[in-house]
Number of protein chains: 2
Amino acid sequence: MTQTPKFALIKQHIIDNIQAAKWVENQRVPSENELAEQFSVSRMTARRALSELTEAGILTRSQGLGTFVASLKSQSSLLEIKNIADEVQARNGVYSCSVLSLESISAVAPIAIALGVEINSQVYRSVLVHNENEQPLQVEERFVNPALAIHYLQQDFNHITPHEYLSQVAPLTEARHTVEAIMPSNEVCQWLSLYNEEPCLQVIRRTWSSEGIVSFARLISPGSKYRLGGHLTFKRH
Amino acid sequence: MTQTPKFALIKQHIIDNIQAAKWVENQRVPSENELAEQFSVSRMTARRALSELTEAGILTRSQGLGTFVASLKSQSSLLEIKNIADEVQARNGVYSCSVLSLESISAVAPIAIALGVEINSQVYRSVLVHNENEQPLQVEERFVNPALAIHYLQQDFNHITPHEYLSQVAPLTEARHTVEAIMPSNEVCQWLSLYNEEPCLQVIRRTWSSEGIVSFARLISPGSKYRLGGHLTFKRH
DNA sequence: CAAGCTTACTTGTATATACAAGATATCTGT
DNA sequence: ACAGATATCTTGTATATACAAGTAAGCTTG
């Protein structure tokens with residue numbers, strides 16, 4: 001009947017008022033009943049507009065008090081960390097991958113701690129080089145908790161990336177990353193075929209599933225060939 | 001009456017089935033009417049459970065077809081880029097800031113293009129050094145579109161960071177970042193008091209408001225002192 | 001056989017209603 | 001003056017109902 005639903009019109013009205021700075025941070029916005037009367041809709045429809053904007057982080061509500069414009073706080077923005085195979089394909093490159101090592105090793109202290117397993121227990125380790133057009137782009141050294149990915153060593157990582165495989169067998173619930181600029185070790189220089197020393201971007205990623213820590217990975221790329229790109233749009237409407 | 005609301009129980013039931021892998025990716029989940037009967041609730045209550053899980057990205061719905069378990073796809077995760085003053089304070093450091101330069105300059109081509117203004121028009125430029133415990137931690141070189149932040153040059157950046165000020169005068173709608181590992185120029189080495197060459201993390205950030213491109217910033221930090229930290233929890237329930 | 005109609009199921013929008021529960025100001029009795 | 005009850009606002013949960021609209025299967029008809 002109506003081209004755009006009524007609740008969407010009310011949402012837009014609220015967003016407009018906030019963006020025009022007529023309603024400022026922490027200011028009260030009309031109540032469900034007021035909006036219902038103002039727009040000649042039922043309370044449930046007005047409620048839907050307020051609820052969805054609350055879910056989107058634009059408003060905050062509190063029972064008994066009312067609904068308010070949310071504070072923007074420190075406006076921290078987000079950087080997306082994508083699958084490297086997807087990234088290469090997205091720019092029409094040819095992706096390939098070489099498995100340099102795939103083994104079970106005895107976990108030394110820092111690795112055992114990072115994986116939450118006992119020191120000197122067996123863990124899986126893989127070293128892959130991701131290539132774009134046959135040129136090494138990133139080396140991935142990964143330690144995997146064998147309890148959560150029993151068949152890790154049997155995988156063919158030319159067909160499925162370690163991250164994809166692990167997401168299947170142990171659905172991720174949490175991830176932590178750190179990004180640093182480092183000078184590569186000699187070993188990494190060899191893996192990446194770097195003849196001249198150059199700074200590299202290192203991403204360290206630890207992933208959790210509901211069962212515990214799944215894996216711990218170091219992703220190292222030469223600064224001249226790789227950058228992390230991020231893109232974020234704030235308020236959706 | 002009921003301790004936990006009915007719609008929350010239904011949500012939990014669905015999440016449990018997905019996490020137990022009883023319902024897998026792209027599989028259909030019970031319809032609103034089926035859930036309503038199964039849990040002896042009204043359709044609207046069952047609908048709420050499905051809608052909220054859809055909003056959270058756990059399910060996908062399509063009119064006429066049904067509701068399905070969402071695919072995890074490439075599970076790209078997100079890295080938060082925080083305000084550096086907040087970060088320093090969060091680890092109990094003393095934050096301070098030195099303004100090295102604050103001026104109006106003539107925009108050379110690459111800067112004019114990045115800001116979307118005419119070549120050789122005047123733009124604002126600031127160079128700040130952010131310190132933690134009196135030690136330089138990051139240098140911020142920023143170019144600002146004067147049309148969108150007229151009083152930029154009159155600000156006291158010891159009281160408000162450029163990012164905070166710009167967020168106030170021109171609410172951000174979009175941001176793009178790239179993160180790279182670079183070797184610092186001599187100029188940057190001086191600003192950061194680096195005596196030995198070391199790799200640095202460079203974040204380039206462009207920000208948009210509804211009026212256009214607001215600013216273009218280079219944030220450079222020594223690799224030995226600074227890393228970007230990210231943390232993401234996937235499914236909330 | 002094939003094009004089009006019907007039917008049954010799905011989700012999407014909208015309403016009217018009821019009661020619960022949190023917050024706040026006002027009124028009341030001591 | 002103060003404590004407690006009350007009234008009245010707010011949001012939160014839940015139901016029953018109605019119709020709209022997208023999808024897919026089966027059935028009808030030429």
Side-chain angles (χ1 to χ4, degrees), chain A residues 1-18 22-71 236-237, chain B residues 1-18 22-71 236-237:
Chain A
M1 183 178 229
T2 44
Q3 209 166 352
T4 55
K6 297 183 183 177
F7 75 88
L9 293 175
I10 302 176
K11 281 174 75 172
Q12 193 56 53
H13 171 253
I14 295 168
I15 289 176
D16 288 346
N17 276 289
I18 293 175
K22 284 168 72 181
W23 297 346
V24 299
E25 230 170 89
N26 297 320
Q27 183 179 331
R28 230 193 108 190
V29 306
S31 71
E32 297 177 356
N33 285 317
E34 287 165 352
L35 284 173
E37 191 175 3
Q38 191 178 333
F39 283 85
S40 303
V41 298
S42 74
R43 186 195 144 202
M44 292 309 288
T45 301
R47 174 177 181 72
R48 176 164 178 184
L50 292 174
S51 297
E52 291 190 3
L53 291 177
T54 301
E55 174 64 24
I58 294 175
L59 303 176
T60 59
R61 321 192 71 186
S62 126
Q63 189 173 155
L65 275 177
T67 307
F68 305 85
V69 179
S71 54
R236 46 189 155 167
H237 61 278
Chain B
M1 184 176 235
T2 45
Q3 209 168 351
T4 54
K6 297 183 182 178
F7 75 87
L9 293 175
I10 302 176
K11 282 175 74 173
Q12 193 56 55
H13 171 253
I14 294 168
I15 289 176
D16 288 346
N17 275 291
I18 293 175
K22 284 168 72 179
W23 296 348
V24 300
E25 229 172 88
N26 298 320
Q27 183 178 332
R28 226 190 114 193
V29 306
S31 72
E32 298 177 356
N33 285 316
E34 287 165 350
L35 283 173
E37 192 176 1
Q38 191 177 333
F39 283 85
S40 303
V41 298
S42 75
R43 185 195 145 204
M44 292 308 289
T45 302
R47 175 177 179 73
R48 177 164 178 185
L50 292 174
S51 297
E52 291 189 3
L53 290 177
T54 300
E55 173 65 23
I58 295 174
L59 302 176
T60 59
R61 323 193 72 188
S62 124
Q63 189 173 152
L65 275 177
T67 307
F68 306 85
V69 178
S71 56
R236 47 191 152 164
H237 60 279

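- Comparing A:Ala46 and B:Leu50 by the nucleotide of DNA chain C whose heavy atom lies nearest to each, the residue mapping closer to the 5' end is B:Leu50.
- Between A:Lys6 atom NZ and C:dG12 atom P the separation is 19 Å, expressed in whole Å.
- Considering only side-chain N and O atoms, A:Arg61 lies nowhere under 4.0 angstrom from the phosphate OP1 or OP2 of D:dT10.
- OP1 and OP2 of C:dA14 both lie 4.0 Å or more from every side-chain N or O belonging to A:Arg48.
- Between B:Leu53 atom CG and C:dT11 atom C1' the separation is 15 Å, expressed in whole Å.
- Separating the CD atom of A:Glu52 from the C1' atom of D:dT11 is a distance of 16 Å, rounded to the nearest angstrom.
- Protein atom CZ of A:Phe68 is 11 Å distant from nucleotide atom C1' of D:dT11, rounded to whole Å.
- Residue contacts shown for B:Arg47 include a base, since a base heavy atom lies under 4.0 Å away.
- In B:Glu34, the CD atom is crowded: over 12 heavy atoms of neighbouring residues, nucleotides or ligands sit closer than 6.0 Å.
- For B:Leu65, the side chain to side chain contact (heavy atoms under 4.5 Å, CB included) partners at least two apart in sequence or on another chain are B:Ser62, B:Phe68.
- Taking 4.5 Å as the limit, every side-chain heavy atom of B:Val69 sits out of range of all side-chain heavy atoms of B:Val24.
- In terms of phosphate contacts, B:Thr67 brings a side-chain nitrogen or oxygen within less than 4.0 Å of OP1 or OP2 of C:dT11.
- With sequence neighbours excluded, the residues satisfying side chain to side chain contact (heavy atoms under 4.5 Å, CB included) with A:Arg61 are A:Glu32, A:Arg47, A:Leu50, A:Ser51, A:Thr54, A:Thr67.
- Atom CD of A:Gln63 and atom P of D:dT11 are 10 Å apart (whole Å).
- Near DNA chain D, meaning a heavy atom under 4.0 Å from it, residues 31-44 of chain B has B:Ser40, B:Val41, B:Ser42, B:Arg43, B:Met44 in order of number.
- When rounded to the nearest whole Å, the span between CG of B:Leu59 and P of C:dT10 equals 16 Å.
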Please list, pair by pair, any protein nitrogen or oxygen found under 3.5 Å from a nitrogen or oxygen in nucleotides 24-27 of chain D.
none

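- When the side chain to side chain contact (heavy atoms under 4.5 Å, CB included) test is applied to A:Asn17, the partners found at least two apart in sequence or on another chain are A:His13, A:Lys22, A:Trp23.
- We find that CG of A:Leu9 is positioned 18 Å from P of C:dG12, with the value rounded to whole Å.
- A:Asn33 pairs by the side chain to side chain contact (heavy atoms under 4.5 Å, CB included) definition with A:Ser31, A:Arg43, not counting sequence neighbours.
- Inter-residue side-chain proximity for A:Ile14 and A:Leu35 is flagged as met; some heavy-atom pair is nearer than 4.5 Å.
- The side chain of A:Pro5 lies closest to C:dT13, out of D:dT13, C:dA21, C:dT13.
- Among residues two or more places apart in sequence or in another chain, the salt bridge (Lys or Arg N to Asp or Glu O under 4.0 Å) test is passed with A:Arg28 by none.
- Looking only at side-chain heavy atoms (C-beta outward), B:Phe7 and B:Glu52 come within less than 4.5 Å of each other.
- Distances shorter than 4.0 Å separate some side-chain N or O of B:Thr45 from OP1 or OP2 on D:dT15.
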